> 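Here you go, one structure.
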Amino acid sequence: MFSEKISSITPSMTISISTKVAELRSQGENIINLSIGEPDFLTPKSAKDKANWAIDNDKTKYDKAAGLLELREAICKKLKDENGLTYSTSQIIISSGAKHSITNTLLAFLNQGDEVIIPKPYWTSYPEMVKLVGGVPILVDTKPENNYKLTVDELASAITPHTKLLLINNPSNPAGTVYTKDELTPIVNYAIEHNLFILADEIYERICYTGEFTSIASISEEVKKKTILVNGLSKSAAMTGWRLGYVACEEEIAKTLSKIQGHLVSHPSTISQWAGLGALEDGHEEMQDMIVQYKKRRDEAIKLLNTNDKIKLVYPDGAFYLFMDVSAYKDKLQLNSSNSSYSIELCNQLLEKEKVALVPGAAFGMDDFIRMSYAADIEDVKEGVRRLISFLDSL
Ligand SMILES: Cc1ncc(COP(=O)(O)O)c(C=O)c1O
């Protein structure tokens, strides 16, 4: 009944875990949920105030497909001040979340069968989004000695005459790794020399603990021309439910994205866009405080994890995830179901026995791993790590 394209799409594992957690909680179970990629902080007051102001002042009608001019101006200012990037408002397209910005971009670029290079581990939705628009995800292995970051050689071996885009997520979900400028430069230069466009998902940009985030478009004018920069307010401003993402790119690409968006959804909610303006104009302090809290939690969790030398943590410099290689326990885990993978089974048993919800590495293309989010209360994060260690040691 359904199209072949849709039949090849797998449901989101992270969403099915959240559903399971909600189910268990409704049965009275006390679950520590460290599975979700959602800030536990509240949306900044400045954003909420601006949304209330928008409602009270009847800012509730259709607006431009590219998004509210005032918000695009604020985004241009942010890109200039924080990333040293000059864009005009005609180069910004605001969408309903970074997810939507990415799918609009894929729709704009991909013909049937065109390939998109995606380094592993990858954010769970990328391959499915590519397939949804008729493209082919090319998943590329990365190495532990490079902290699971892509290298030029790995990129070179994945390029074919059908490659259209390179997708780089920096800082990374799930690994939390952050590329340095020196690491990024040869990769993106190689990509543009081979006529690829770069889809740079920088949604976790502000959650970076090294103080040295490099936006790909800032590497050179040539790179900027070929980069579709994706960012948004979901993670940095704890505005997940408001659904606000944006793209900065060349004007010709922006026009195409606007055309697509105009037909599909017109534009994101006008009230949300005003709220986003409030966050960008006056929410800086609250956002900075969130990052201080994330860093504290990360450091506490790492301290506890370091008491176990069998768990191999990918050291995270950004985002709010801990990605752990737990392959040392592979031989010890009894699979309860023959069609389950190692990481899925491990997470199922951890949830059943220790009431801690994590995400199996299989969701990110790496079955030897599990992902823990520390976008949660610090005591829950510490208790979650303790229970994980105790569970693994009991196998
Ligand atoms: C890497 C990455 N990109 C994009 C998104 C989607 O963000 P949004 O909620 O703004 O659509 C997420 C959300 O988890 C993410 O982790």
Side-chain angles (χ1 to χ4, degrees), residues 12-18 33-41 43 47 67 71 75 93-106 116 118-130 132 137 139 148-150 165-179 198-208 213 215-216 228-248 257 261 264-265 267-269 272-273 275-276 279-280 287 294 316-323 359 361 363-366 371-376:
S12 164
M13 216 182 282
T14 45
I15 289 177
S16 68
I17 293 163
S18 299
N33 189 4
L34 304 176
S35 72
I36 53 175
E38 176 166 45
D40 56 319
F41 297 107
T43 294
L71 181 54
I75 291 168
I93 304 292
I94 303 163
S95 299
S96 299
K99 240 179 197 173
H100 187 207
S101 299
I102 297 166
T103 28
N104 276 347
T105 306
L106 296 173
V116 180
I118 304 174
K120 281 178 15 178
Y122 51 76
W123 177 47
T124 194
S125 290
Y126 292 147
E128 310 311 304
M129 288 165 147
V130 170
L132 257 177
L139 309 175
Y148 299 98
K149 293 183 219 176
L150 186 70
L165 287 166
L166 165 65
L167 210 167
I168 298 265
N169 175 214
N170 182 39
S172 152
N173 173 10
T177 46
V178 179
Y179 285 83
I198 299 157
L199 209 176
D201 180 353
E202 300 181 350
I203 187 80
Y204 293 97
E205 172 222 353
R206 279 186 166 163
I207 310 171
C208 174
F213 173 80
S215 183
I216 286 179
I228 298 94
L229 183 164
V230 173
N231 204 329
L233 290 154
S234 303
K235 314 290 176 172
S236 59
M239 291 184 72
T240 42
W242 300 81
R243 311 307 301 130
L244 278 180
Y246 61 85
V247 160
L257 295 178
Q261 175 149 296
L264 289 185
V265 294
H267 56 75
S269 148
S272 288
Q273 293 188 71
L280 281 181
M287 289 190 232
Y294 287 137
D317 283 318
F320 39 60
Y321 306 107
L322 300 164
F323 198 50
V359 183
F364 314 102
M366 293 176 70
R371 188 196 77 178
M372 175 182 284
S373 162
Y374 52 91

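Indexing begins at 1, ligand by ligand and atom by atom, following the structure's order. This is a predicted model, so every value here is computed, not measured.
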> Is Glu38 in contact with ligand 1, taking contact as a heavy-atom separation below 4.0 Å?
no
> Do side-chain atoms of Asn231 reach the backbone of Leu233 as a donor and acceptor pair under 3.5 angstrom?
no
> Backbone, side chain, both or neither: what part of Tyr246 comes under 4.0 angstrom of ligand 1, heavy atoms only?
neither
> Where the closest heavy atom to atom 2 (C) of ligand 1 is concerned, which of Asp201, Asn173, Asn170 has it?
Asp201
> Counting only heavy atoms, which portion of Ala98 has something under 4.0 Å from ligand 1: side chain, backbone, both, or neither?
both
> Indicate yes or no: at least one non-hydrogen side-chain atom of Pro121 is less than 4.5 angstrom from one of Phe323.
yes
> Measuring centre to centre across the rings, with the benzene-like ring taken for any Trp, is Tyr321 within less than 6.0 Å of Tyr204?
yes
> Pick from Leu199, Leu166, Leu165: which one makes a side chain to side chain contact (heavy atoms under 4.5 Å, CB included) with Val116?
Leu165
> Any atom of ligand 1 sitting under 4.0 Å from a heavy atom of Thr240?
no
> List every atom of ligand 1 that sits less than 4.0 Å from any heavy atom of Gly97, numbering the atoms from 1 in the order shown and giving each element.
10 (O), 11 (O)
> Do any N or O atoms from the side chain of Ser95 and from the backbone of Gly97 form a donor-acceptor pair under 3.5 angstrom?
no
> Using only atom types and a distance under 3.5 Å, with no angle test, would you say the side chain of Gln261 pairs donor to acceptor with the backbone of Ile94?
yes
> Pick one of side chain, backbone, both or neither for how Lys235 approaches ligand 1, counting any non-hydrogen atom pair under 4.0 Å.
side chain
> Quick one: nearest non-hydrogen protein atom to atom 9 (O) of ligand 1, plus distance?
Arg243 NH1, 2.9 Å
> Measuring from non-hydrogen atoms of Tyr126 to any atom of ligand 1, is the shortest distance under 4.0 Å?
yes
> Of all the atoms in ligand 1, which lie at a distance below 4.0 Å from a heavy atom belonging to Asn169?
1 (C)
> Indicate, with yes or no, if the rings of Tyr122 and Phe364 have centres closer together than 6.0 Å.
no
> Considering heavy atoms of the protein only, find what lies nearest to atom 10 (O) of ligand 1 and give residue, atom and distance to 0.1 Å.
Ser234 OG, 2.6 Å
> What protein heavy atom is closest to atom 15 (C) of ligand 1, reported as residue, atom name and distance in Å?
Trp123 CE2, 3.5 Å
> Okay, side chain of Thr240, backbone of Glu38: is any donor-acceptor separation there less than 3.5 Å?
no
